[in-house]
Amino acid sequence: MEEKLGQEPSNLIKIVLFGPESTGKTTLAKDLAEHYHTQWVPEYARQYLQDKWDREQKTCEPHDLLPIAYGQMNLENQLSKKAKNVLICDTDLLETKVYSEAYYLGYCNPVLEKYALHNQYGLYLLTYIDTPWEKDDLRDKPHERERMFKYFKDTLKKYNRNFVILKGDKRARFRTAVKHIDKLLKNMIDLSPKDLEQLKDKGISKEKVANQIQTFKEGIPFVNLVKPAVVSDGILRFSEEEEKELAHYFERNQGNLNLLKFVPASGAASRMFKAMFNFLDTYDSDEETLADYIERTGDKDVKQFTGSMHQLPFYDLIMERIAGKASSKDEEAYLFVKEMLMEDGLNYGFFPKGLLPFHRYKDGSATPFEEHLKEAALYAKTNGNAHLHFTVSEQHDDMFKEEESRVSPKIASSTDTSFHITYSNQKPSTDTIAVDMENKPFKNNDGSILFRPGGHGALIENLNDQDADIIFIKNIDNVVIEQNLEKVSNSKKMLAGVLKKVQDKAFAYAKLLEKGEISSDKANMIKTFLEKELNVRFPDHYASLSAEEQSAFLNKSIDRPIRICGMVKNEGEPGGGPFWVTDSEGKVSLQIIESAQVDMSNAEQAGIFKNSTHFNPVDIVCGVKNHKGEKFDLLHFVDTKQGFITGKTKEGKELKALELPGLWNGAMAYWNTIFVEVPLITFNPVKTVNDLLKPTHQV
């Protein structure tokens, strides 16, 4: 029955009247429906609760909310079939959720909450409280309209809903509403029944598609850098003794914590071997020597690879397979690369990166998957159990499970650890629509809409599905050889100690705020903690807020997931770094920013970016629960405007693609963030096969 709370597919723009009771929603809903010659969905709760009042002289009780929700969605889905272009809804499940939390001490039925957040609408019309109060049998909070309006507004902002506030008399409100609805109708996407069925199969709402197309039209603004985060201004640096104390603090608490290591591992190895694939396509040992080829092409990658390939962890294996086949050293180099990459050879060019041999030991080679198990046994283990989650490509599921069965028993025995390993794939619902150069849905030759994977930012949904007190995040290709494991482990424990210490304080303050009526001294203490330890920046008008408003701001600021991000000194590696950034509302925060997010044609912004002293190695420790032990919904802390638009081609036609905000960039934009300097040894990514030749990957 739960699915009856969902929306049936339609090609309508759905508008919701949203706000406190007695603010003119129903009257406006009727007027708008008449104006657009369409249907309006009444508030089912009024009929339901009026009947209850007439029978029992009782108002709404918690057990009434689900029946009300079912009735509301049944009305909406039925009237959707009769509406034309636009459907006016006098309410929605999100409003039911607001009233549930306001009346019942923050409680909302989980099923109701799930669909309140899942169902999508094109626009919310938030009605202000400048209309006279009209009493009836069901309205009972005439003195709390201001508080309730703020609650409604904060809810829309929290869940990133598109909304406009309606103020003034009936005519003024109507004009404002029509202006914004007309804008949506102008940009309305014409989707066929086949298109709608495709969206349903992928679990993507029409509203989400419309929002993505609007993003293509508007473009994604560059971020506004304020300054680089540096040591003593955004980045913490600890002495050796302080690092040990933080690691010990984590170790003392480790036995009481559920730990998880989360490893993004869907990357294919094809990019690692780009230069080698090119070598196979362009070199012929019968036509020229290898030296002449390198001199002619200036290919430094091939020169390094062929000159040092004996150091690769799979060198002996390949040499055995091509033994006796080459008539010269140059041909041997060519056959080596061919055997390494081609499907009738080892096929490494089509492997997942996590299952390639990375390190060569006396007893054989080790893959990144195996190295991650060794690491987890050192810092992500509680009472002998280590939990790991790998996000992998669907086509590689069986390969990872085979590797697990091969290496897990061996590492379990040598480390006295029981490994509990799970996997997930990027969800189809996180794919993003591609558009043509006129910003219309790009159609494949079979007439279907082209959707593309949303990038690693889509993994915020996979992370959101995990449940642990502390989650360690580390990319699949960032692994170390065994002799450096202890240093990496100590660094991870130190970061976890930073998290646990700051989290303990945050939880204590959150409990005080929850009780209410904190003194001004306590409020100032919490403000100082947020500023000094969680890097929260307060607006200029904070001092002019009432005590109640300040308390609400403190609570909202502290009630967020926390991430501790390791930062290494910048040594010229490409990628993101730590910066102070200001958003469109003037709020300043710490963010990890990629070069593509910065307007490099702006000399000032380019200068700030180039003056960054540190680099992000994707070494992150996360706290994803609140002070009650409840897991945050991480999707509520994403900045959707930090994605990327790129140009592509398909079937000879140009298109534009949208990449979601990166997992550690926009997908975590509204987390509380702490940057900590970590040793360079913790950063050993393998972006090209030649990176395996670096000393840090040589045993």
Side-chain angles (χ1 to χ4, degrees), residues 265-371 392-400 402-403 406-407 476-477 479 481 684-699:
S266 55
S270 51
R271 291 186 199 174
M272 269 183 65
F273 298 108
K274 183 178 179 182
M276 298 303 111
F277 275 115
N278 182 64
F279 173 65
L280 288 182
D281 289 340
T282 57
Y283 176 63
D284 184 345
S285 60
D286 292 334
E287 296 292 328
E288 62 182 333
T289 66
L290 183 59
D292 287 342
Y293 170 83
I294 292 171
E295 183 176 353
R296 174 175 62 83
T297 61
D299 196 328
K300 296 178 181 178
D301 293 321
V302 170
K303 181 178 181 180
Q304 182 184 11
F305 181 88
T306 55
S308 305
M309 61 189 192
H310 61 280
Q311 296 177 245
L312 292 167
F314 39 80
Y315 175 76
D316 292 338
L317 173 62
I318 293 180
M319 292 304 290
E320 286 178 16
R321 293 171 68 101
I322 65 172
K325 295 181 180 180
S327 58
S328 68
K329 281 292 182 182
D330 289 355
E331 186 181 8
E332 182 180 82
Y334 177 85
L335 291 177
F336 186 97
V337 175
K338 185 177 180 182
E339 184 68 24
M340 177 177 71
L341 297 181
M342 292 294 98
E343 190 173 354
D344 57 354
L346 291 174
N347 201 29
Y348 284 168
F350 300 93
F351 262 51
K353 192 185 289 189
L355 300 184
L356 290 174
F358 264 31
H359 300 145
R360 179 167 56 186
Y361 298 107
K362 290 180 180 178
D363 58 349
S365 61
T367 63
F369 181 91
E370 181 176 343
E371 302 292 28
V392 303
S393 296
E394 192 172 355
Q395 67 265 32
H396 298 145
D397 284 344
D398 291 340
M399 295 177 71
F400 273 93
E402 287 174 15
E403 178 71 354
R406 185 182 75 84
V407 304
I476 188 67
D477 65 332
V479 289
I481 54 179
N684 303 279
V686 177
K687 302 304 180 188
T688 74
V689 65
N690 285 345
D691 287 334
L692 292 175
L693 301 172
K694 292 180 178 179
T696 50
H697 289 290
Q698 295 292 308
V699 179

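All values below were derived from every heavy atom in this structure, side-chain atoms included, with hydrogens, water molecules and symmetry-related copies excluded.
- Proximity of a side-chain donor or acceptor of Lys353 to a complementary backbone N or O of Arg271 within less than 3.5 Å is not detected.
- Between Phe305 and Phe279, the distance from one ring center to the other does not fall under 6.0 angstrom.
- Taking 4.5 Å as the limit, every side-chain heavy atom of Met340 sits out of range of all side-chain heavy atoms of Leu346.
- Every residue meeting the salt bridge (Lys or Arg N to Asp or Glu O under 4.0 Å) condition with Asp691, not counting sequence neighbours, appears here in chain and number order: Lys694.
- Side chains of Asp301 and Thr688 form no contact here, defined as non-hydrogen atoms less than 4.5 Å apart.
- Here Asn347 contributes atom CG and Glu339 contributes atom CD; the two are 10.5 Å apart, rounded to the nearest 0.5 Å.
- For the atom pair CG (Leu693) and CG (Leu312), the distance works out to 5.0 Å, reported to the nearest 0.5 Å.
- For Asp284, the side chain to side chain contact (heavy atoms under 4.5 Å, CB included) partners are Asp286, Glu287, not counting sequence neighbours.
- None of Phe358, Phe351, Tyr348 except one satisfies the ring-ring contact (aromatic ring centres under 6.0 Å, His included) rule with Phe314; the exception is Tyr348.
- The side-chain heavy atoms of Asp477 and Pro685, taken from C-beta on, include a pair separated by under 4.5 Å.
- Once rounded to the nearest 0.5 Å, the distance linking CG of Leu692 with CD of Gln698 reads 8.0 Å.
- Annotation: Glu394, atom CD; neighbour count of heavy atoms from other residues, nucleotides and ligands within 6.0 Å does not exceed 12.
- Rounding to the nearest 0.5 Å places CG of Leu355 at 7.5 Å from CZ of Phe369.
- For Asp397, the side-chain hydrogen bond (donor to acceptor under 3.5 Å, both in side chains) partners are Asn425, not counting sequence neighbours.
- For the pair Ser393 (side chain) and His396 (backbone), a donor-acceptor distance under 3.5 Å is absent.
- A donor atom on one side chain and an acceptor atom on the other are found under 3.5 Å apart for Tyr293 and Thr282.
- Residues forming a side-chain hydrogen bond (donor to acceptor under 3.5 Å, both in side chains) with Asp330 (at least two apart in sequence, or on another chain): none.
- Here Tyr334 contributes atom OH and Lys338 contributes atom NZ; the two are 5.5 Å apart, rounded to the nearest 0.5 Å.
- Here the closest non-hydrogen pair linking Gly354 and Pro368 is O-CD, 3.3 Å.
- The heavy-atom pair separating Val479 from Asn684 by the smallest distance is O-CB, 3.4 Å.
- Side-chain atoms of Leu356 and Phe273, non-hydrogen and from C-beta on, do get closer than 4.5 Å to each other.
- Taking the side chain as every heavy atom from C-beta outward, Phe277 and Met342 approach each other to under 4.5 Å.
- The environment of CD in Glu295 is sparse: at most 12 heavy-atom neighbours from other residues, nucleotides or ligands sit within 6.0 Å.
- Lys329 is linked by a salt bridge (Lys or Arg N to Asp or Glu O under 4.0 Å) to Glu332, counting only residues two or more places apart in sequence or in another chain.
- Across all their heavy atoms, Glu371 and Ala366 have their closest contact at OE2-CB, 3.8 Å.
- Remark: Glu403 engages Thr367, Arg406 in a side-chain hydrogen bond (donor to acceptor under 3.5 Å, both in side chains) (not counting sequence neighbours).
- At least one side-chain heavy atom of Met276 sits under 4.5 Å from a side-chain heavy atom of Val302.
- Within the model, atoms CG of Leu290 and OG1 of Thr306 stand 4.5 Å from one another, a figure rounded to the nearest 0.5 Å.
- Side-chain contact between Met309 and Ile318 is absent, with no heavy atoms from C-beta onward closer than 4.5 Å.
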